[in-house]
Amino acid sequence: MPVIVVVGGQWGDEGKGRVVDLLAQKAHIVARYSAGNNAGHTVVNEMGEFRLHLVPAGIFYPDKVCVIGNGLVVDPAVLLAEIEDLESRGVSVRGRLSLSERAQVLMPWHPLIDRLDEELRGKGAIGTTGRGVGPAFADKVGRAGLRVADLLDRESLLQCLSFLVPYKNAILEKLYGAEPLSLERVHAEYADYGSRLAPFVTDVAGLVQKTLAQGDTVLLEGAQGALLDLDAGTYEYVTSSVPSSLAGGAAIGIGIGPTQIDFVLGVYKAYNTRVGNGPMPTELTDETGDLLREGGPRPEYGATTGRPRRCGWFDAVAAHYTARINGVTAVALTRLDVLDQLPTIKMCTTYQLDGERTDSLPASGAALFRAKPIYEELAGWREDTSGVRRFQDLPENARAYVRRIEDLLGAPVHLVSVGPEREQAIPIKPIL
Ligand code: IMP
């Protein structure tokens with residue numbers, strides 16, 4: 001099974017990092033193909049707890065090659081700090097991490113514009129992570145971005161910046177009333193990043209193609225979730241990655257063709273969470289919502305910003321939609337243990353919208369804000385599942401819950417996780 005894509009089926013934070021960490025054992029390359037350091041993956045292993053924002057989760061296996069594809073925007077300061085942190089905690093990075101020469105570079109004006117733009121939007125703010133990723137992708141599409149390759153040549157970098165810095169300063173000063181940036185300082189800082197990142201810079205598409213030609217496995221790690229996708233998600237409360245983190249974006253973001261993808265693993269949490277603003281029909285603002293947030297071994301707070309995640313019941317209308325648009329072949333269902341204490345568990349199977357029932361996700365954000373969830377109620381199991389390792393050992397009601405999700409998604413569940421540790425996983429069917 002040479003190319004596997006792991007995608008999030010909700011609003012991100014589904015546990016893709018822990019699933020990739022498990023699957024990475026059998027892959028040769030583990031790659032990120034989209035987004036930037038707005039993403040945050042938490043991995044817990046024998047070396048401790050790690051939060052990765054740019055480096056793929058395969059880095060903890062010393063024999064894996066980790067790749068940052070052309071589809072990312074990379075904040076050089078963040079990447080260098082992440083490399084330093086990993087190395088200082090005993091994780092080898094050099095010689096195993098490849099950065100695409102075609103990845104976009106996050107520039108100092110991007111986080112500024114991200115925050116200033118959110119202020120301008122006022123009540124309609126997106127609730128971004130504030131990392132500048134949206135403005136950096138806007139510049140990529142607007143042909144006003146820089147690629148990693150551009151950092152490697154001081155002279156041509158200066159030429160690019162001689163246009164970009166005054167151009168961005170005009171926007172900062174005239175639109176936002178903010179302070180301008182110094183061309184000399186930006187040039188010196190980014191030329192320095194270029195020389196420090198140079199050892200990692202690679203023709204990533206060539207590397208991936210060579211690996212596939214040898215018959216080795218490539219694991220492509222999506223960021224965020226399908227409901228945050230620019231095309232498919234709950235626009236305008238979405239992230240701005242181009243290519244998207246949907247499975248279709250994986251081919252573009254790493255440099256392969258769509259026919260080279262063999263398997264799409266959709267990761268879904270056993271309930272729903274969302275960070276940031278925007279519609280979320282099954283959100284719970286009561287004590288059950290608090291229990292979902294605080295009840296698990298790792299409470300629900302954003303890995304990047306630390307913001308409390310909004311929590312709610314599993315939304316099967318949205319989940320069915322995201323399984324289809326990703327062409328999900330198999331499902332990994334995470335955090336089942338968080339539901340252990342609940343007497344009953346609800347699952348949204350239809351929306352009530354303007355007096356009618358619908359089982360499709362409305363394209364209009366305003367309509368989704370009005371959609372009311374219609375729930376199916378399932379009996380809880382009120383037993384600790386965190387020590388279970390075989391599907392047949394789960395309580396009957398927990399198995400029924402998993403099977404119901406499988407029915408509603410129309411894709412088989414291959415893996416269930418019942419805790420953050422590597423071994424707290426229940427394989428149902430093989431993935432690799
Ligand atoms: P941005 O990607 O920082 O522009 O934020 C846009 C939206 O995506 C906001 O609602 C963020 O909270 C959300 N978002 C971005 N990255 C992640 C992630 O890794 N997990 C969950 N939500 C995210």
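Every number for a ligand or one of its atoms is a count from 1 in the order of the listing. All values derive from a computational prediction rather than experimental measurement.
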| note | Contacts satisfying ring-ring contact (aromatic ring centres under 6.0 Å, His included) that involve residues 81-134 (not counting sequence neighbours) are none
| said: Students often mix this up, so state it plainly: with edges at 30° and 60°, are the rings of Tyr401 and Trp381 parallel, tilted or perpendicular? | reply: tilted
| query | Should the heavy atoms of other residues, nucleotides or ligands under 6.0 Å from OH of Tyr375 be counted, would the total exceed 12? | reply | yes
Distance-only criterion, 3.5 Å: show the donor-acceptor pairs between side-chain atoms of residues 325-336 and protein atoms not counting sequence neighbours.
from   : atom 1 : to     : atom 2 : distance (Å)
Asn326 : OD1    : Ala247 : N      : 2.8
Asn326 : ND2    : Thr322 : O      : 3.0
Thr329 : OG1    : Val264 : N      : 2.6
Thr329 : OG1    : Val264 : O      : 3.0
Thr334 : OG1    : Glu14  : O      : 2.5
Thr334 : OG1    : Tyr268 : O      : 3.4
Arg335 : NH1    : Arg298 : O      : 2.9
Arg335 : NH1    : Glu300 : OE2    : 3.3
Arg335 : NH2    : Arg298 : O      : 3.3

| query | For ligand 1, what are the residues with a heavy-atom contact below 4.0 Å? | reply | Trp11, Asp13, Asn38, Ala39, Gly40, Ile126, Gly127, Thr128, Thr129, Gln224, Leu228, Val238, Thr239, Val275, Gly276, Arg307
| query | Quick one: do the Asn45 and Tyr61 side chains pair a donor with an acceptor below 3.5 Å? | reply | no
Please table the atom pairs, donor to acceptor, closer than 3.5 Å between any side-chain atom in residues 51-59 and protein atoms at least two apart or in another chain.
from  : atom 1 : to    : atom 2 : distance (Å)
His53 : ND1    : Ala39 : O      : 2.9

